[in-house]
Amino acid sequence: MEITISETKEINIEDVLVLYRANEWSSASKPNELYNGLLNSETLITAWEGKKLIGLGNAISYGFLTVYYPHLLVLPEYQGKGIGKLIMDKMQEKYSHFHMQMLTADGRSVDFYKKNGFERAGKTEPMWIYQGNEH
């Protein structure tokens with residue numbers, strides 16, 4: 001298995017939807033918004049096996065002190081093989097010097113992010129207005 005990690009916005013909506021549906025993310029039900037959101041992220045990191053999109057992560061930032069990581073997904077059959085870590089490592093090449101890196105983690109992803117250096121943000125509580133259904 002040869003995996004390529006790339007910072008590119010040259011992705012097509014069909015591949016994105018396969019990835020999001022395989023992970024049962026509700027944002028797949030809003031394909032145009034999802035696709036445009038990814039393309040308009042400051043950074044989009046993708047993972048490929050040949051021409052197959054197998055994972056992606058994006059970052060939103062104004063470019064200086066703070067970065068937010070909204071999405072990190074890997075096709076289920078590729079999870080546990082270090083692909084998510086490769087994506088996060090690529091993000092760290094760009095954002096490790098930032099004052100604050102933020103994300104929201106739930107379920108099994110909490111342990112993944114802890115292994116990648118993230119920790120609970122002090123006494124903060126995650127808050128949102130959310131229209132999805134998978135959390």
Side-chain angles (χ1 to χ4, degrees):
M1 174 174 68
E2 186 172 331
I3 305 302
T4 304
I5 303 298
S6 180
E7 183 173 345
T8 181
K9 294 184 180 176
E10 293 184 25
I11 57 173
N12 66 58
I13 193 168
E14 293 82 16
D15 291 339
V16 169
L17 291 175
V18 167
L19 179 61
Y20 279 73
R21 287 178 180 143
N23 283 283
E24 299 179 354
W25 278 39
S26 61
S27 49
S29 68
K30 297 181 178 184
N32 292 327
E33 293 86 345
L34 170 61
Y35 188 64
N36 287 323
L38 292 173
L39 294 183
N40 285 288
S41 299
E42 179 179 79
T43 302
L44 181 62
I45 305 297
T46 53
W48 304 85
E49 183 178 43
K51 294 185 183 276
K52 181 179 183 180
L53 179 66
I54 60 170
L56 68 75
N58 70 322
I60 299 171
S61 177
Y62 49 82
F64 298 98
L65 288 174
T66 304
V67 61
Y68 177 68
Y69 304 114
H71 295 180
L72 176 59
L73 297 90
V74 174
L75 284 173
E77 62 268 27
Y78 290 85
Q79 291 176 7
K81 299 179 185 216
I83 296 163
K85 177 156 180 35
L86 291 172
I87 293 170
M88 279 310 304
D89 287 349
K90 192 75 169 168
M91 291 292 189
Q92 289 304 301
E93 287 177 18
K94 190 167 189 173
Y95 297 111
S96 65
H97 68 284
F98 274 41
H99 181 68
M100 183 168 43
Q101 300 178 59
M102 300 172 55
L103 56 82
T104 301
D106 71 346
R108 294 182 318 158
S109 68
V110 172
D111 289 336
F112 168 80
Y113 287 114
K114 283 182 179 179
K115 288 178 190 174
N116 282 276
F118 288 83
E119 61 187 7
R120 182 178 172 88
K123 296 179 182 179
T124 63
E125 291 292 329
M127 302 175 81
W128 61 12
I129 296 173
Y130 185 64
Q131 295 180 14
N133 59 10
E134 72 270 13
H135 298 284

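Hydrogens, waters and symmetry mates play no part in the numbers below; they use all other heavy atoms, side chains included. Starting from 1, each residue takes its place in the sequence as its number. These figures come from a predicted structure and were not determined experimentally.
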Determine whether more than 12 heavy atoms belonging to other residues, nucleotides or ligands lie under 6.0 Å from atom [atom1] of [X].
X      : atom1 : value
Glu77  : CD    : yes
Tyr62  : OH    : yes
His99  : NE2   : no
Arg120 : CZ    : yes
Lys114 : NZ    : no

Does the [X] side chain pair with the main chain of [Y], one donor and one acceptor, at a distance under 3.5 Å?
X     : Y     : answer
Glu42 : Ala59 : no
Asn12 : Glu14 : yes
Asn23 : Val74 : yes

Common cluster, [X]/[Y], ILVMFWY with side-chain heavy-atom separation under 4.5 Å:
X      : Y      : result
Leu44  : Ile60  : no
Leu39  : Tyr20  : yes
Leu86  : Val67  : yes
Phe118 : Met102 : no
Ile13  : Leu34  : yes

> Please, which pairs that meet salt bridge (charged side-chain N to carboxylate O under 4.0 Å, His left out) have at least one residue in residues 83-96, sequence neighbours excluded?
Replying inline: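 Residue pairs with at least one partner in residues 83-96: Glu7-Lys94, Lys85-Asp89, Lys90-Glu93.
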
> Among pairs that include at least one residue of residues 32-41, which meet side chain to side chain donor-acceptor pair (under 3.5 Å), considering only residues two or more places apart or in two chains?
Replying inline: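 Matches after skipping sequence neighbours: Ser41-Asn58.
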
>> Using side chain to side chain contact (heavy atoms under 4.5 Å, CB included), reason through Val18 and Leu53 one step at a time and then give a plain yes or no.
In response: CA-CA 9 Å; Val18 167; Leu53 179 66; over 6 Å; no

>> For a 4.5 angstrom cut-off between non-hydrogen side-chain atoms, does Gln79 reach Phe112?
In response: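 Gln79 does not reach Phe112 side chain to side chain.
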
>> Is the shortest side-chain heavy-atom distance between Thr66 and Ser61 below 4.5 Å?
In response: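 The answer is no; the side chains never approach within 4.5 Å.
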
>> Show the nearest heavy-atom pair for residues Leu103 and Tyr68, with the distance to one decimal.
In response: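 Taking Leu103 first and Tyr68 second, the nearest heavy atoms are CA-CE1, 3.7 Å.
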
> Does the side chain to side chain contact (heavy atoms under 4.5 Å, CB included) test come out yes or no for Met91 and Gln101, once each step is laid out?
Replying inline: CA-CA 10 Å; Met91 291 292 189; Gln101 300 178 59; 5.9 Å; no

>> Among Ile54, Leu73, Leu72, Leu75, which residue satisfies the side-chain contact (heavy atoms from CB on, under 4.5 Å) criterion with Ile83?
In response: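 Among the candidates, only Ile54 passes.
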
> In terms of the angle between their ring planes, are Tyr95 and Phe98 parallel, tilted or perpendicular, with boundaries placed at 30° and 60°?
Replying inline: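 Perpendicular: the ring planes of Tyr95 and Phe98 meet at over 60°.
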
>> Please evaluate residues Tyr69 and Ile45 with respect to the criterion side chain to side chain contact (heavy atoms under 4.5 Å, CB included), reporting the C-alpha separation (whole Å), side-chain torsions for both, the decisive distance (0.1 Å), and the verdict.
In response: CA-CA 11 Å; Tyr69 304 114; Ile45 305 297; over 6 Å; no

> Please walk me through it: do Ile3 and Trp48 pass side chain to side chain contact (heavy atoms under 4.5 Å, CB included)?
Replying inline: CA-CA 6 Å; Ile3 305 302; Trp48 304 85; over 6 Å; no

